[in-house]
Amino acid sequence: MADVFARCRMPDTYDLVRDLGVYPYYRAVRERPGGGEVVIDGRVLVQAGSNDYLGLSGDERVKRAATAAVRRLGTGSGGSRLSNGSLALHEELEERLAAFLRRPAVMVTSAGYLANLSLAALMAPGDAVLGDRLVHACLIDAARLGGVRLRRYRHNDLEHLERLLEATAPDAGRLIITEGMFSTSGALCDLPGLAKLARAYGARVVMDSAHDAGLLGEDGRGAAEHHGLEDAVDVQTLTFSKALGTIGGAVAGPREVIAYLRHYARPMVFTAALSPPCAAAALAALEIVAAEPERRARVRAAAARVGGELAALGYAVVPSDRPVVAVPVGDDLLCFRLWRELFDEGVFTTAMIAPGVPAGQALIRVSLTAAHTGRQLDRIGAAFAVAGRRLGLLPDSRRLP
Ligand code: PMP
């Protein structure tokens with residue numbers, strides 16, 4: 001008889017990577033002395049891997065709101081929204097989010113992952129669900145939970161998407177799933193082209209704005225606002241774990257869709273509601289997002305500066321003002337080595353390998369935030385210069401010892 005635990009063996013490369021001292025995951029942060037820094041293993045490093053883009057997780061106003069909510073309501077919600085865990089605070093947050101996003105209705109979930117997973121309730125076998133090759137795992141999982149195989153088109157390749165749309169059964173329900181700003185490539189979705197196709201083929205469009213809400217668009221509503229095409233997106237999902245600096249998620253869309261999800265989305269119905277401090281923190285953060293657009297401008301300037309510096313050093317980076325700078329490496333082990341060199345140089349980045357990115361396309365992700373100081377940004381550039389030369393990655397560099 002087979003033992004299901006027999007498959008719980010890590011690949012040999014796991015030991016190799018650990019032996020080489022380049023294992024980049026589960027590094028425990030002890031302290032966060034300032035927005036842009038972390039203490040790991042007793043060393044202060046520049047935090048260049050956080051999605052806390054606007055630096056709101058450490059904002060005093062947000063922390064005060066979370067603390068007050070704990071005092072008033074406790075630390076947990078005590079149950080699912082549907083049964084007994086709903087708080088007036090959740091409803092207030094939903095109303096504020098709906099007003100902010102200019103969407104008829106919003107459903108708050110306990111994580112961004114669960115917001116996207118809730119979309120499963122919109123799917124049924126026989127539907128044609130088409131997603132960009134780089135959409136996040138939770139959107140892929142939504143299709144699985146919905147009993148549908150997600151058909152993926154090449155990243156931002158609308159000709160490929162059109163071919164897939166053409167090949168769908170004429171009476172199939174059609175749903176296109178994209179991210180607003182892709183978290184792994186930093187690229188923006190080609191929404192103008194996608195919107196045209198969606199109209200032509202009668203497809204609904206879901207946009208995950210995890211990495212663009214609060215950051216893109218004049219008012220921070222995300223990539224669709226940036227493109228001036230909010231009507232082309234039928235349902236928008238968000239997470240609170242990035243620009244809003246806490247934990248939680250939301251689905252925004254037509255009233256009847258949200259009402260349905262509130263009753264039929266399993267990741268909504270069968271999990272405990274968002275905790276009071278997280279709901280209060282999200283609400284306070286939302287106020288700041290609306291009131292302080294300069295934070296968006298600061299992140300964008302930081303990203304443009306770091307992206308420009310890395311490109312000038314010779315990394316294959318396309319400079320932009322989006323908060324994720326993706327540094328392609330390719331090979332997993334080389335990616336881990338670069339991560340370690342950067343770590344040794346005092347910069348904590350994110351090493352991404354498959355399945356986070358397509359196999360063979362490992363990359364280092366640098367995330368910029370409004371909390372980074374000029375000196376911290378300098379340290380990021382300097383670390384990449386040293387690390388790249390040491391590994392012989394830069395065109396003009398002789399290999400350093
Ligand atoms: N969507 C995208 C694009 C993400 O990057 C993430 C988190 N990395 C999520 C959704 C899930 O959000 P959360 O962390 O709030 O569960």
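We number each residue from 1, following the sequence as shown. Every number for a ligand or one of its atoms is a count from 1 in the order of the listing.
Of the inter-residue distances, the one linking L97 atom CG with L283 atom CG reads 8.0 Å to the nearest 0.5 angstrom. Taking CD of Q361 as the reference point, atom OG1 of T184 lies at 9.0 Å (rounded to 0.5 Å). Separating the NE2 atom in H136 from the OG1 atom in T178 is a distance of 14.0 Å, to the nearest 0.5 Å. Distance check: L82 CG to M268 CE gives 8.0 Å after rounding to the nearest 0.5 Å.
If you number the atoms of ligand 1 from 1 as listed, the ones under 4.0 Å from a heavy atom of H211 come out as 3 (C), 4 (C), 5 (O). Close approach of ligand 1 to A210 (heavy-atom distance below 4.0 Å) involves ligand atoms 1 (N), 2 (C), 3 (C). Proximity to E179 (heavy-atom distance under 4.0 Å) selects the following atoms of ligand 1: 3 (C).
Protein heavy atom nearest atom 14 (O) of ligand 1, with residue, atom name and distance: S241 OG, 3.3 Å. Ranking the protein heavy atoms by distance from atom 15 (O) of ligand 1 puts T239 OG1, 2.5 Å first. The closest protein non-hydrogen atom to atom 6 (C) of ligand 1 is H136 NE2, 3.4 Å. Among all protein heavy atoms, the one lying closest to atom 16 (O) of ligand 1 is Y113 N, 2.8 Å. Protein heavy atom nearest atom 8 (N) of ligand 1, with residue, atom name and distance: K242 NZ, 3.1 Å. Nearest protein heavy-atom contact of atom 1 (N) of ligand 1 is D208 OD2, 2.6 Å.
In this structure, R379 fails the cation-pi test against F384, since its NZ or CZ atom is not both closer than 6.0 Å to the six-membered ring centre and inside 45 degrees of the ring normal.
Under 4.0 angstrom from ligand 1, the non-hydrogen atoms of C138 all belong to its side chain. With a heavy-atom cut-off of 4.0 Å, N116 touches ligand 1 through its side chain alone.
Every heavy atom of G249 sits 4.0 Å or more from the atoms of ligand 1.
Between F343 and W339, the angle of the ring planes stays under 30°, which puts this pair in the parallel group of the 30/60° scheme.
Within 6.0 Å of atom CZ in R30, 12 or fewer heavy atoms from other residues, nucleotides or ligands are found, so the atom counts as exposed in its surroundings.
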Q. Does the pair D59 and R295 meet the rule for a salt bridge (charged side-chain N to carboxylate O under 4.0 Å, His left out), with working shown?
A. CA-CA 12 Å; D59 186 279; R295 285 177 179 267; 3.4 Å; yes
